[in-house]
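Quick notes on the structure that follows.
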Amino acid sequence: MQFQSVSKRFGELQALDQVSFAIPRGAMFGLLGPNGAGKTTLIRIMTNIIGADSGSILYEGKALDSYGFGFIGYMPEEKGMYKKMKVGELLLYLARLKGLSKADAKDRIHYWFQRLDMDGWWSKKIQELSKGMQQKVQFIATVIHEPSLLILDEPFSGLDPVNAEVLKKEIFHLHSKGITIVFSTHRMEQVEEICEEIVLINKGKVLLNGAVADLKNNHKKNIYYLKTDEPGSLPPSPLFSVLTANDNHYQLHLEGDATVNQLLQSLLNHQVPVREFSEVLPSLNEIFIQLVKGATHE
Amino acid sequence: MNKTWLIISREYITRVRKKSFLLMTVLGPLFFALIMVLPIILTQWSGGEQTILVVDESDLLGALPDTTGIYFQLDKSGKTMETLKADLYAANSRYDALLYMPPTSSEQPRGIMLYSKEQLGITTRMYIEQVIADRMEQINLENRNLSYEDLLSIRPKIFIQDKVLSENTQEQDANILAATGLAYVMGFLTYIALLIYGSMVMRGVMEEKTSRIVEVMISTVKPFQLMVGKIIGIGAVGLTQFFIWGVLLVGVQLALPLVLGDQLTAMQDQAAMSGGGNAETAELARTMEGIANMPLGRILWVFLVFFLGGYFLYASLFAAVGSLVSDEESEVQMYSFPLTMLILVSIFIATAVIQQPGTRLAFWASIIPLSSPIVMPALIPFGVPGWQLALSIAMLILGFLGSSWIAGKIYRTGILMYGKKIRWRELWRWVMYKN
């Protein structure tokens, strides 16, 4: 799925400004950004809820509109359902709106009931369910028509660890079947462990886009972690400066054109008892903060 | 289309299956019947039994006729008024009131007094006055050697037969009274229906918005489909309710003579017995006949057309209003006020128009689509030219196409907006906004 300079304006607010990026097929894709960055607007454009002012979105090379709604499964951040309906009826209704036949829809609902330990839920009313239980129902409603693209907006918010784990397992299961999954969240550390690729937007603009590993490498700042056998002061050297020293843990910054080998050599020459040495890669959070700061300084 | 159909059937089925629907449908008419009958029952019961002691110093009254709950007793004890009054106040008094007729003439009766322990009801008082007046009239007639029939011929009852000349100068029986009665029923029925089902649509939209399911729905169907599906589904609920009421009404009309046969004839006899009742019964009969003689089929389809047209027009606007409301009840009032106002003004115009059907106000109000759904059904019993009806229906269709177009635009944006007060200018921009 490709976004080509997509823009959207709400009155005074430029919600999206020339946003371009691509989501590879079958990816676990993170859509990141702080609150109010334009994530929800972007998702709403992807899901055809609203239209873009300009720019285009292509899915497998063709305009998105030509596909209808069927291939997308969308779970919004604010989970909502008809509170007075029964679980089974609601799922049946939503599934049939997605174009499933009654019999098919029933089969799949029962399949998911079994999979998620929800036997006997058919006649329960939505309003009798706890929040976590409602979220399960919502998840089924999102995947019941077997979408090839799944968009999850803050899927874990409000879930207890057990249910979050269940949901995560199901998401990975779907991913393994080749379904493209888009996560939208402002909690970057969550994405780091799940997603392979991300796009990071802020104030309607793309800040970062690419594979998580590449991004980290591109934004590393020559910081290294050192652990010694026992606490002690490191010998001063033009090769590095000590950023933090905590007992026998140190963070070192490699100065100028010095290489890691030179640094290690120097340490060993000074008889520093090295136990551990590794490169420190920035977290997405740090990269984001760094970029936002940089942007405001300019 | 298939999706719209699914939405319609969900909206319809979830509402019809509710217990409140059954309750409304069955208890609604009972409630209305109760409101109509209650005043009669209350006046009948509230009085209880009252015995009135009559002191007649004029010797004109004689034995006054009793009625249900009111009994007269002529005083023959010869006690003075003072003693009798004191007796009346005594706790063990058999009497509720004391009627005093001083020596006076039957032509100009003066100084009649009614003493009572408690304030007597208006019906009791009116009955006593009527009974005395009747007796005086009878005596005065006898004094002049006239009969009651003579009186009727002196003071004849006037009845005007209304005829409406249609285009080919053919006379047609008309009945203003019947038309007026029917007009009120039609006007108020549409009025109530528009308000009830209109706000049902509004609440439905609000439910979807506040529960946030709307986002899931809109990623599956077009907003317009969702709105139209809801409007049609609830409209079908309204029609179902009307249909059940219609069946109930016919059923009651067929069953009533069977169940209450004896009482009904007794009531009619009683009405005929009481003085002057004949003319009233005749009038009532003529009115009933007038209603029966009206083109009821035409009236029914006009009602349905205008109910549906008006419903679509107002329901789409109510849906738009529902999409603007975020949460608070006060906002509901604020946004729906203009709509309820329009409907209220329409029913005011309708009542004015019923009094004066031929005015220019009547014409315009029956053409303009915002008021025509209520005014036209109220006007139709008086007879409306075919071209006016056609114009009105055409305008109504244009009206609801226009309103649903506007409402669709507002709805589409409104349902996704949260926690923001929306200004009129902004609404206008939404409407003008291209896709």
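Since we're looking at a predicted model, the values are computed, not measured. Residue numbers start from 1 in every chain, and the chains themselves are labelled A, B, ... in the order their sequence lines are given, proteins ahead of strands.
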Between chain A and each of B:I213, B:I7, B:T14, count heavy-atom pairs under 4.5 Å; write down the option with the most. B:I213

Provide the full list of ring pair (Phe, Tyr, Trp, His ring centres under 6.0 Å) pairs with a residue in residues 205-237 of chain B, sequence neighbours left out, each pair given once. none

Okay, A:M75 and chain B: the region with an atom under 4.5 Å from a heavy atom over there is neither

When you measure from the centre of the six-membered ring of A:F156, is the NZ or CZ of A:R187 under 6.0 Å away and within 45° of the axis? no

Pair A:K98, B:T220 - check side chain to side chain donor-acceptor pair (under 3.5 Å), show working. CA-CA 6 Å; A:K98 302 263 189 190; B:T220 313; 3.3 Å; yes

Heavy-atom cut-off 4.5 Å, strictly under: side chain, backbone, both or neither for B:E207 against chain A? side chain

B:E208 and B:K230 ion-paired at < 4.0 Å: yes

